[in-house]
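Keep in mind the model is a prediction, meaning the values are calculated, not measured.
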Amino acid sequence: MSLLPYLEANRIEAGCDEVGRGCLAGPVVAAAVILPFSYHNPWINDSKKLGKTQREDLIGEIKSKSMAWAIAEASVEEIDQINILNASFLAMKRAVVKLEIKPEHLLIDGNRWKSDLTFPFTCVIKGDGKFASIAAASILAKVYRDELMEKLALEHPHFAWERNAGYPTKAHREGIEKFGSTIWHRKSFQLLPRQLELALK
């Protein structure tokens, strides 16, 4: 089933999404995408429903066919300072601000949005499975972040980031238990189960 091309016809809408909220390491990454009113691609979908190769194949298509797109981050330090939810909002705001075309409306994936931007917006729960622009943003953000974590894995090979992208998998947590945390780990997150942390002290 194809995703919806817009919420309201003939309005410049930017779909916005972020990835990496549930990770133990790495920045949170957001993207914003404005698609042409008539654009249609049945393969664009929620990035979590696509395989790695499918996502990578769509990147060039999204970047070349969109009216505007942008990717932005909020750092590990910012996540620890303002919490992951606010850092996610910050990353999305940065992506919107970077767009070369000013949107008339924002389509935000999720049930909340907070920023000092004045654009009207609509929050859409599971929006990356409903609107093509949000799905396109989710694909851009995920591919960008996965590639970033693969590069960081070369410097920090003990956590399997090239496979888990910083999410709390068994291999990742075993790496933290054995080698400790890195500058890329979110110190405000519980990196290990509580009983393990107590045992290590």
inquiry  = Whether the side chain of Lys130 engages the backbone of Ile125 through a donor-acceptor N/O pair (distance < 3.5 Å, no angle test) should be reported.
reply    = yes
task = Side-chain contact test, heavy atoms from C-beta onward, threshold under 4.5 Å: evaluate it for Phe119 versus Glu104 and give yes or no.
result = no
ask   = So, Glu18 and Arg145, do they make that salt bridge, N to O below 4.0 Å?
value = no
message = Do the side chains of Lys126 and Asp109 get close enough for a salt bridge, i.e. N-O under 4.0 angstrom?
response = no
query = Given Lys93 and Asp116, is the side chain to side chain contact (heavy atoms under 4.5 Å, CB included) satisfied, shown in steps?
reply = CA-CA 9 Å; Lys93 171 191 168 179; Asp116 55 3; 2.8 Å; yes
query = Are Tyr144 and Ile59 in one and the same hydrophobic cluster, where Ile, Leu, Val, Met, Phe, Trp and Tyr link if side-chain heavy atoms are under 4.5 Å apart?
reply = yes
ask   = Below 4.5 Å, heavy atoms only, C-beta onward: do Thr122 and Leu106 meet side chain to side chain?
value = no
Show me, pair by pair, the donor-acceptor contacts under 3.5 angstrom made by side chains of residues 146-154, not counting sequence neighbours?
{"residue": "Asp146", "atom": "OD1", "partner": "Lys142", "partner atom": "NZ", "Å": "3.4"}
{"residue": "Asp146", "atom": "OD2", "partner": "Lys142", "partner atom": "NZ", "Å": "3.2"}

message = Under a 4.0 Å threshold between the charged nitrogen and the carboxylate oxygen, would Arg173 count as salt-bridged to Glu177?
response = no
message = Can you confirm whether Arg112 sits close enough to Leu85 that some side-chain heavy atom of one is under 4.5 Å from a side-chain heavy atom of the other?
response = yes
Sub-4.5 Å side-chain heavy-atom contact between Val19 and Val28 = no
ask   = What do you reckon, are the aromatic ring centroids of His185 and Phe159 less than 6.0 Å apart?
value = yes
ask   = Stepwise, does the side chain to side chain contact (heavy atoms under 4.5 Å, CB included) test hold for Val76 with Ile183?
value = CA-CA 8 Å; Val76 170; Ile183 59 168; over 6 Å; no
ask   = With side chains defined as the heavy atoms from C-beta onward, is the minimum distance between Cys23 and Arg186 less than 4.5 Å?
value = yes
request  = Would you sort out whether His156 and Phe179 count as a side chain to side chain contact (heavy atoms under 4.5 Å, CB included), showing the intermediate values?
outcome  = CA-CA 10 Å; His156 305 278; Phe179 297 98; over 6 Å; no
task = Report the hydrophobic cluster partners of Ile134, with the cluster defined as I, L, V, M, F, W, Y residues connected by side-chain heavy atoms closer than 4.5 angstrom, directly or transitively.
result = Leu4, Leu7, Leu107, Val124, Phe131
